[in-house]
Amino acid sequence: MTVGIDRMPHVSTYPTRVDLGRAAAAAAAERVREAIASTGRARLMLAAAPSQAATLAALAVEPDVDWSKVECFHMDEYVGLAADAPQGFRNWLRRNFTDKVPQATFRPLDPGSDAEAAARDYEVLMGSEPFDLVLLGLGVNGHLAFNDPPADFADPRAAKVVALDEISRRQQVDEGNFADLDDVPTHAVTVTIPRLLNAHAVIGSVPGTVKRQAVHDTLTRPIDPNYPGTALRTHPNVQLFLDSESADPESGDTAGGTAGGTDSSDAESGDAEL
């Protein structure tokens with residue numbers, strides 16, 4: 001893997017995940033408005049997880065967003081779940097976001113009976129045009145979407161079928177989505193890291209104590225496929241929104257100050273050639 005510039009994300013920390021969600025949503029809404037003003041539309045890539053709930057709830061009620069000009073994609077879906085299973089990510093997004101902004105166009109990922117074909121179809125549906133905004137989180141193992149470690153930072157595919165590692169599957173149980181590890185699907189269709197980062201802006205919402213190590217690794221480890229979140233440091237426009245539980249003060253996750261939260265920008269950390 002060849003890395004050119006290590007760009008530290010702009011990191012902000014808020015007291016609670018509700019505060020985090022409001023701040024992330026305000027930043028996201030501004031990006032959407034800018035895209036619509038510039039091109040007449042906005043293309044969003046969404047993550048579906050409890051960590052995103054506060055951000056999406058606040059985004060749905062942000063003022064002056066013309067949702068009729070917004071197209072929403074999502075970054076992963078289980079293989080083998082019933083189409084109406086509540087754990088399905090497209091169903092989670094409908095409940096938690098797209099049903100609240102019905103004017104938006106939602107492009108659900110449905111693996112159906114042929115996940116490989118579904119992945120190829122979703123590649124075509126997404127196309128090669130950059131997303132205006134990607135809203136994502138970090139897995140407990142640092143994954144982006146279901147790109148578990150070691151992740152492919154130069155994947156030629158835009159979407160593919162992957163086997164899920166046990167940490168990813170266990171996270172789904174710990175978050176209350178499944179009763180038992182055996183209930184969690186073993187495979188999923190995921191959008192790849194290069195396609196996720198083919199975007200004008202990336203906003204990460206990462207609350208909770210269980211994500212503290214992933215945040216620490218993302219911000220302090222060398223850029224390395226064994227720490228998938230470090231791929232965010234190859235993108236020039238990433239904002240990470242943390243809460244008091246996910247931030248690691250010892251790693252310097254925060255510095256300076258802003259209204260409602262503490263703030264650390266790449267202006268302070270600088271860009272480093274690698």
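Throughout, numbering of the chain's residues begins at 1 and tracks the sequence.
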Quick one: closest heavy-atom pair of [X] and [Y], and the distance?
X: Leu197; Y: His235; answer: O-CD2, 3.1 Å
X: Ala83; Y: Asn91; answer: O-ND2, 3.0 Å
X: Gly88; Y: Glu77; answer: CA-OE1, 3.5 Å

[X]/[Y] ion pair, N-O < 4.0 Å:
X: Arg212; Y: Asp248; result: no
X: Glu30; Y: Arg33; result: yes
X: Asp224; Y: Arg221; result: no

ask   = According to the interplanar angle, ranging from 0 to 90°, do the rings of Phe178 and Tyr78 count as parallel (below 30°), tilted (30 to 60°) or perpendicular (above 60°)?
value = perpendicular
Look at the side chain of [X] and the backbone N and O of [Y], then say whether any donor-acceptor pair between them is shorter than 3.5 Å.
X: Asp132; Y: Ala201; value: no
X: Ser38; Y: Glu34; value: no
X: Gln52; Y: Ser205; value: yes
X: Ser244; Y: Pro15; value: yes
X: Arg169; Y: Pro185; value: yes

ask   = Within 45° of the ring axis of Tyr122 and under 6.0 Å from its six-membered ring centre, is that where the NZ or CZ of Arg107 lies?
value =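 Checked: cation-pi criterion not met.
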ask   = When you look at NZ of Lys100, are more than 12 heavy atoms from neighbouring residues, nucleotides or ligands closer to it than 6.0 Å?
value =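 Buried by this count: over 12 neighbours within 6.0 Å.
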key: Gln103 CD: over 12 foreign heavy atoms closer than 6.0 Å   =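 Enclosed: over 12 neighbouring heavy atoms sit under 6.0 Å from CD of Gln103.
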message = Does anything in residues 138-159 form a salt bridge (Lys or Arg N to Asp or Glu O under 4.0 Å)? List the pairs, not counting sequence neighbours.
response =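 Of all non-adjacent pairs touching residues 138-159, those that pass salt bridge (Lys or Arg N to Asp or Glu O under 4.0 Å) are Glu123-Arg157, Asp155-Lys160.
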message = By the salt bridge (Lys or Arg N to Asp or Glu O under 4.0 Å) test, which pairs, at least two apart or in different chains, include something from residues 178-190?
response =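 Output for this query is empty, none listed.
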query = Would a 4.5 Å heavy-atom cut-off, applied to side chains only, mark Leu219 and Met8 as touching?
reply = yes
inquiry  = Between Phe73 and Leu125, is there a side-chain heavy-atom distance shorter than 4.5 Å?
reply    =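 Yes; the side chains approach each other to less than 4.5 Å.
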task = Flag the pair Phe97 / Trp67 as yes when their ring centroid distance falls below 6.0 Å, and as no otherwise.
result = yes
